[in-house]
Structure formats: C-alpha cells, structure tokens
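Have a look at the structure below, then the notes.
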Amino acid sequence: MRVTVQEAPFDFGREAEDFASGHHDMGAVVTFTGIVRDLATGDLDAMEIEHYPGMTQKALEKIATEALERWSLGDVLVIHRYGRMTPGEKIMMVATAAPHRVDAFEAAEFLMDYLKSRAPFWKKEHGGQGTNWVAAKDEDEAALTRW
Amino acid sequence: MRVTVQEAPFDFGREAEDFASGHHDMGAVVTFTGIVRDLATGDLDAMEIEHYPGMTQKALEKIATEALERWSLGDVLVIHRYGRMTPGEKIMMVATAAPHRVDAFEAAEFLMDYLKSRAPFWKKEHGGQGTNWVAAKDEDEAALTRW
Amino acid sequence: MDVLYFAWVRERIGVPKERVETSAKTVADLVEELKSREERYEVAFSDLSALRVAVDQDLTDFDASIEGAREVAFFPPMTGG
Amino acid sequence: MDVLYFAWVRERIGVPKERVETSAKTVADLVEELKSREERYEVAFSDLSALRVAVDQDLTDFDASIEGAREVAFFPPMTGG
C-alpha cells in the first residue's frame with residue numbers, strides 16, 4: 001500500500017506500469033485517474049485544490065486500509081495532488097491489484113467514492129467568470145450508502 | 001475508439017498515459033489490465049491464448065461500440081493479445097474516458113464482462129501437471145445479466 | 001461451407017478447419033450429420049450445452065439457420081479477458 | 001485549542017487558523033460561542049448542514065465532545081478525487 005499527497009505532477013503512465021508489474025499472483029489491475037475538466041463555457045483557467053495538511057495523509061491511509069480489509073487485494077495505490085492545476089492535468093489516481101477482477105473494480109470504486117466525500121480536499125475553479133468553490137454533489141454522498 | 005488484437009506485448013504504461021492525456025473535457029479515466037496469474041501450485045510455465053482470427057476484431061468492436069452507445073463516454077480502448085505468455089505478462093487492457101467517474105467505471109466493467117464471455121478467446125494452461133483448457137465460470141456468464 | 005473448430009473441440013476433431021458439403025438447414029442438423037460420420041465427432045458433440053457456435057462469425061445458437069452460410073465455427077464457452 | 005477553517009469557511013472567517021480559549025464542551029457549544037463573538041462567525045456558521053467538522057483531524061459531528069481536543073477544524077463538504 002502506498003499513499004502519496006503532493007503538489008507536484010505525477011507520471012500516470014509510469015505509476016500505472018510500476019503498479020501493474022511484478023505481481024505474479026494478481027490477475028487484475030484497475031486504475032482510476034481524475035483529470036481537471038474544462039468548464040462547459042470553455043474558460044477554466046485553473047483548478048485550485050486546498051487540503052488539510054495534518055489530516056489528508058491519515059484520512060487517505062484509513063480509506064486505503066479499509067479497502068484492503070474489505071476486498072481480497074494484493075496492493076493499493078493512492079496519489080492525490082493539491083495546489084493549482086490547469087485543464088487536462090491529472091489531479092489524482094488510485095490503483096488496485098487483485099486476483100480477480102470483481103475485487104479490483106469494487107475496491108477502486110469504493111476508494112473513489114470515499115475519496116470524493118471523506119478526504120479533506122476542496123476544489124476552487126478560477127475562470128472567466130471569477131472564482132467558484134465546487135459544491136459537493138448529493139449523488140456523491142449518496143454513493144457511500146452502497147458500501 | 002481503438003480496438004487492437006495482436007500477438008506482441010503492449011506497453012501498458014504508455015498506452016494508459018496516451019489514453020489519459022490530451023482530453024480536456026473528460027474528468028475520469030478507468031483502465032483494467034488482465035495479467036497471467038501463476039497457478040496455486042506455482043508451476044504455470046505458460047498461458048496460451050487461442051482466438052478466432054476472422055471474428056475477434058469484429059466481436060471486440062461490437063462490444064466497444066455498445067459501450068459507447070450505452071454510457072456517456074469520450075473514448076474507449078481495447079487491446080487483447082493471443083499466443084503464448086508467461087506469468088506476470090499482461091494479456092489485455094481496456095480503458096474508458098468519461099466526463100464522470102460512474103460512466104467510466106461502469107463501461108469498463110461492462111467491457112470486461114462481455115470480453116470474458118463473448119469474445120472468441122480460449123485459454124490453455126501449460127504447467128507441471130501438463131496442459132489444461134481453462135473452463136468458463138458460471139459467475140462470468142451470470143455477470144452479463146447485470147447489463 | 002467451411003467448418004471451424006477451436007480449443008478442445010479442435011483437439012478432439014483433430015483439424016482446425018474442414019470443407020463440408022451438406023444440405024443441413026440448421027446448426028443442429030449439421031451437428032447430427034457430423035456425429036453420424038465418425039466417432040470423433042460424436043465425442044466432440046456429445047454435450048451441446050458445453051459448446052458454442054458462430055455462423056459467419058456471429059455468435060448464435062443451435063437452432064440457427066445455416067442456409068447460405070459460408071462459415072460455421074464450434075468451440076467451448078469463451079474465456080477472454 | 002487551535003481552530004482551523006478551510007475553503008469558503010476560511011474566506012468568510014478571514015483567517016486559516018486561530019487560537020481559541022474556550023470552556024465549550026461540544027463542537028455545537030463552540031460554534032455558539034464563536035457566533036456570539038462577531039458577525040463574520042455568525043455568517044460562516046449560519047447553516048450548519050452546509051458544514052463539516054473534524055476534531056483532532058478525525059471527521060465527526062457537531063454533538064462531539066471537544067474536551068481535551070487540541071484542534072477543531074470547520075469546512076464545507078469535501079470535494080476530493
């Protein structure tokens with residue numbers, strides 16, 4: 001298990017390759033990557049991600065540990081950035097390795113659902129219309145009831 | 001959409017990176033990679049994958065097209081190998097890009113469920129105990145009823 | 001028409017592909033005709049629930065028509081991914 | 001104890017962190033105490049359903065005890081991932 005919180009960009013391809021390699025007993029690897037998406041108006045200058053430094057690492061480790069306990073997994077990776085990013089930049093990734101695909105998929109979805117609503121990150125959009133704190137969605141909170 | 005059937009290994013990290021890059025309107029990318037898993041006895045020498053050359057590409061394109069029609073996706077990638085592979089080698093990958101994570105996850109799971117039971121591939125294990133055609137699992141057939 | 005066999009069906013029949021002249025109208029008719037020819041067909045086709053069939057490279061079932069078909073393929077349930 | 005604010009809560013309060021001397025026993029008591037101090041607190045805490053709280057860096061709710069706590073943080077619902 002590795003959990004990394006950092007401001008710098010990460011190399012998604014390299015991380016995915018390293019994670020998926022060297023396991024001889026895991027048949028399935030799932031990755032999820034979150035990317036800064038431009039606004040419908042096409043004028044997002046930047047996405048700024050604030051976090052709670054003392055809490056973030058612990059909160060992510062707790063979520064990753066729970067995934068390892070609930071599913072039959074060989075490994076879990078979480079990388080999440082903070083700071084200022086432009087459209088197309090990768091914000092974060094999770095990866096799961098499991099003997100079977102159902103565990104790898106479910107654990108990755110669980111990680112994402114919890115990361116969305118239980119990890120202390122807040123997104124602020126900087127665009128042509130000024131700035132805007134991204135509101136949490138009811139559907140993201142509702143997604144947690146699945147687990 | 002890209003569907004590739006090949007005997008040669010593919011570069012998972014590079015494919016994942018290329019797929020996830022250059023989209024400014026997709027917030028979510030999911031990848032799945034299937035890896036040759038050693039037997040419980042630890043003596044798998046090779047996995048041999050036979051396919052139906054005339055049908056494979058068409059069957060995979062049909063599955064990928066259906067995913068694009070059923071979910072709000074920006075792109076789909078399917079790479080599947082045939083021939084002889086050793087434990088740890090990557091057999092195949094799918095990737096989905098979507099504005100939202102639920103579409104990316106569901107479409108990737110749909111692709112995998114259909115690929116497992118509806119794409120003309122057959123796996124044969126070569127190990128210390130001789131050779132063995134991998135049997136289809138009832139649960140893989142049952143997984144299709146979800147969609 | 002061409003009849004193709006894959007995986008253990010291919011191994012039991014002994015060839016990957018053969019040319020078959022038939023007046024069978026459905027896949028099931030073709031199977032009966034092949035079974036009556038030689039024991040290796042009877043063995044390979046003994047349990048149809050363990051087999052899948054494609055006509056002209058589309059998955060179908062044993063009731064399907066093969067009239068005008070160029071290619072019929074028999075194989076076990078697929079194990080891709 | 002240290003009281004921390006994040007995102008728009010931080011912007012409304014005007015500081016990311018402050019030292020607060022209090023005898024409040026729960027988060028809700030602390031909120032009431034802060035609201036009575038200045039209008040900016042009253043504005044920031046006007047709708048508690050729009051706020052989340054962590055005590056000593058663990059998510060909790062407004063009924064939670066803060067006795068002995070070193071750090072209480074207020075923020076909007078999180079938007080990670």
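Residue numbers start from 1 in every chain, and the chains themselves are labelled A, B, ... in the order their sequence lines are given, proteins ahead of strands.
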Atom of B:Phe121, atom of C:Gly80 and distance for their closest heavy-atom approach: CB-CA, 3.7 Å
Taking every non-hydrogen atom, the tightest pair across B:Pro53 and C:Phe6: CD-CE2, 4.4 Å
Rounded distance (nearest 0.5 Å) linking atom CE of C:Met78 with atom CG of B:Asp140: 11.5 Å
Within residues 43-77 of chain C, residues adjacent to chain B where the heavy-atom gap is under 4.5 Å: C:Ala54, C:Asp56, C:Gln57, C:Leu59, C:Glu71, C:Ala73, C:Phe75, C:Pro76, C:Pro77
Heavy-atom pair count under 4.5 Å with chain C, highest-scoring of B:Lys58, B:Glu141, B:Lys137, B:Arg81: B:Lys58
Within 6.0 angstrom of B:Gln129 CD, more than 12 heavy atoms from elsewhere: no
Proximal component of B:Arg118, with respect to chain C [non-hydrogen, under 4.5 Å]: both
Distance, nearest 0.5 Å, that separates OG1 of C:Thr79 from NZ of B:Lys124: 12.0 Å
Flag if over 12 foreign heavy atoms under 6.0 Å of CZ, B:Arg14: no
Under 4.5 Å from any heavy atom of chain C - which part of B:Ala59: neither
C:Lys35 NZ: over 12 foreign heavy atoms closer than 6.0 Å: yes
Engaged part of B:Lys116 at the chain C interface, taking heavy atoms whose separation is under 4.5 Å: both
